[in-house]
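The structure appears below as structure tokens.
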2 protein chains.
Amino acid sequence: MKFGLMLGLIGLLLIPGWADAQDPLKSWNDTAAKKSIVSYVDKVTREGSPDFVPEPERIAVFDNDGCLWAEQPMYFQAFFIFDRIKGLAPEHPEWKDEQPFASVLKGDVKAALAGGEAALIKMAMATHAGMTTEDFEKIVSDWLATAKHPTTGKRYTEMVYQPMLELLGYLRANGFKTFIVSGGGIEFMRPWTQRVYGIPPEQVIGSSIKTKFELRDGKPVLVRLPEISFIDDKEGKPVGINSHIGRRPIAAFGNSDGDLQMLQWTAGSKRLSLCLYVHHTDADREWAYDRDSHIGRLDRGLEEAKANGWTVVNMKDDWKVIYPE
Amino acid sequence: MKFGLMLGLIGLLLIPGWADAQDPLKSWNDTAAKKSIVSYVDKVTREGSPDFVPEPERIAVFDNDGCLWAEQPMYFQAFFIFDRIKGLAPEHPEWKDEQPFASVLKGDVKAALAGGEAALIKMAMATHAGMTTEDFEKIVSDWLATAKHPTTGKRYTEMVYQPMLELLGYLRANGFKTFIVSGGGIEFMRPWTQRVYGIPPEQVIGSSIKTKFELRDGKPVLVRLPEISFIDDKEGKPVGINSHIGRRPIAAFGNSDGDLQMLQWTAGSKRLSLCLYVHHTDADREWAYDRDSHIGRLDRGLEEAKANGWTVVNMKDDWKVIYPE
């Protein structure tokens with residue numbers, strides 16, 4: 001190397017912030033979590049490494065709620081359901097006397113959810129079915145453009161985790177194909193995952209209701225039916241991964257016991273794998289919850305992570321920022 | 001351009017066969033079918049064209065049986081089923097007296113199929129379920145490595161259509177993402193579609209049975225259950241496309257009435273679309289069949305193609321060769 005060029009490079013390294021700006025994971029503190037990610041990616045992507053994985057097999061799967069965006073005080077899709085019920089109420093005068101709708105219309109979320117899973121499914125079907133897939137896409141997009149989170153006042157798509165956005169980009173820059181594998185509704189996510197996460201609709205896996213092909217005045221449509229097709233949670237996640245991707249991931253990212261089987265499935269790969277849990281430990285900047293939470297409960301997962309040496313992100317200590325600025 | 005270089009290029013163009021070698025669709029005769037494909041691709045990919053489609057939306061879907069590989073005298077997966085029943089017979093002494101297995105073991109395919117759909121499902125479940133997804137992948141790969149077609153003597157993966165291989169490559173070279181959307185078994189196709197068609201497992205959609213996540217001696221596996229999950233045929237094709245891809249294709253390729261709804265769904269795109277039927281008209285080099293065939297029946301589809309101006313490939317006249325040499 002020429003002496004002048006070398007001096008120039010040294011100079012660049014001394015400019016404050018330059019190294020930071022070049023760091024693809026610049027919102028991550030230099031703690032063990034970040035080191036485990038960078039070390040893993042180096043091992044599976046460096047030519048000649050004993051753990052090298054060919055590019056087409058570099059499949060990375062991410063949970064969404066609580067892993068890529070926040071999930072408190074309840075899943076954001078639940079806010080969508082409640083807003084939608086209010087919006088549809090004029091067309092359903094009978095809801096004034098019918099539970100759980102009556103409680104929602106009175107603004108009593110707790111009473112609305114008291115009916116448990118049956119009530120939730122009833123509300124989900126009333127708000128997610130009956131229209132075409134294209135109409136539903138527009139409904140979701142319109143809601144996201146205006147709805148705001150009750151405590152942060154942010155738009156829901158602004159409550160994504162900046163460190164995870166960087167991780168998605170870092171993996172893709174290293175030849176990984178990134179997928180979402182969420183218990184949330186597949187068609188609730190697809191309208192915005194490309195714009196927000198850089199993940200195209202065909203790489204989004206989620207829970208779904210059935211659809212039916214119809215010709216309406218000669219125009220082909222898919223109508224959303226009030227019938228569950230697939231629940232992409234817990235044991236369902238490896239099933240969904242196999243159905244949609246057809247090969248085993250080598251990296252998996254979650255935050256709750258609902259992701260445990262996805263992480264186990266990934267850890268069972270013949271390739272070197274990376275399993276990572278985001279642990280919500282930051283009550284000041286986000287929320288702190290784990291073993292006793294009714295949303296995103298993380299209990300068995302913490303034990304398994306410890307036993308298997310999986311990476312556990314301590315949000316408070318490992319992340320410089322939470323949301324994009 | 002320098003005069004010498006120009007002369008050299010002109011010289012190249014005059015070398016017989018050179019232009020042909022550069023043609024990505026060189027196994028296609030210069031008939032209307034080829035022209036419609038090339039014209040379409042030009043319109044949707046040329047910057048500034050009024051029909052330009054951004055690359056992520058260039059989704060092309062292909063039927064498999066009878067569209068990418070042959071399907072006579074019966075679906076190749078049926079040969080797999082019969083061979084598998086013979087292979088499993090020693091473990092099932094009861095099959096000697098149980099239909100439809102007894103007929104298969106006697107070599108009487110017609111009698112085995114006389115039981116209709118119920119018999120077929122019984123045979124499919126006996127041969128496709130009960131093992132892990134990884135074991136099934138090996139079973140399919142082992143079978144394909146040795147099995148030969150009864151009349152051509154070729155391996156089944158040698159009975160793919162050379163012009164369609166070129167079409168797949170041509171579309172991909174023009175920024176299309178190519179998917180298989182087949183009535184055949186999704187896990188029967190995935191072990192070989194990358195090698196044979198250049199289509200990775202995550203871009204294969206097909207019919208499926210259910211699977212169940214289990215830990216066997218601490219090892220995570222997916223066990224294949226004898227229960228149908230999804231039939232990816234007729235009205236099921238748009239449903240499968242929506243479930244797996246989440247956006248509407250702009251190009252669709254089929255050969256039977258089972259593909260009609262997939263072509264209708266594609267034709268309903270807001271973008272300029274290309275719908276194409278492969279018409280089996282070549283009794284000498286392949287098979288000739290359409291309206292009256294029990295396999296790959298093409299009847300309503302021919303009418304719709306005519307009414308809507310879809311491209312119909314006349315195999316005999318439009319294709320220079322059928323199989324790869």
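Each chain gets a letter, A, B and so on, in the order its sequence line appears, and its residues count up from 1.
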For the residue pair B:Gln261 and A:Leu215, establish whether any side-chain heavy-atom pair is separated by less than 4.5 Å. no

Side-chain contact test, heavy atoms from C-beta onward, threshold under 4.5 Å: evaluate it for A:His244 versus B:His244 and give yes or no.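 When only atoms from C-beta onward are counted, B:His244 and A:His244 do touch, with a gap below 4.5 Å.
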
What part of [X] gets within 4.5 angstrom of chain A, counting heavy atoms only: side chain, backbone, both, or neither?
X: B:Ser243; answer: both
X: B:Lys177; answer: side chain
X: B:Ile205; answer: neither
X: B:Ile186; answer: side chain
X: B:Glu137; answer: neither
X: B:Ser208; answer: neither
X: B:Glu214; answer: neither

Working to the nearest 0.5 angstrom, can you tell me the gap between A:Gln203 CD and B:Ile245 CD1? 11.5 Å

Could you give the distance from OG1 (B:Thr133) to CZ (A:Arg247), rounded to the nearest 0.5 Å?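 Separation between the atoms: 14.0 Å.
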
Looking at every heavy atom in both [X] and [Y], which two are closest together, and how far apart are they?
X: A:Glu202; Y: B:Ile59; result: OE2-CD1, 4.3 Å
X: B:Pro220; Y: A:Gly268; result: CG-CA, 4.0 Å
X: B:Glu187; Y: A:Asn242; result: OE2-ND2, 3.0 Å
X: B:Phe213; Y: A:Val239; result: N-CG2, 4.3 Å
X: A:Pro201; Y: B:Gly246; result: CB-O, 4.0 Å

Which bit of A:Glu134 comes within less than 4.5 Å of chain B, counting heavy atoms only: side chain, backbone, both or neither?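 For A:Glu134, the contact with chain B is made by the side chain alone.
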
Sort out for me which of A:Ala267, A:Pro200, A:Pro56, A:Pro238 touches chain B most, counting heavy-atom pairs under 4.5 Å. A:Pro238

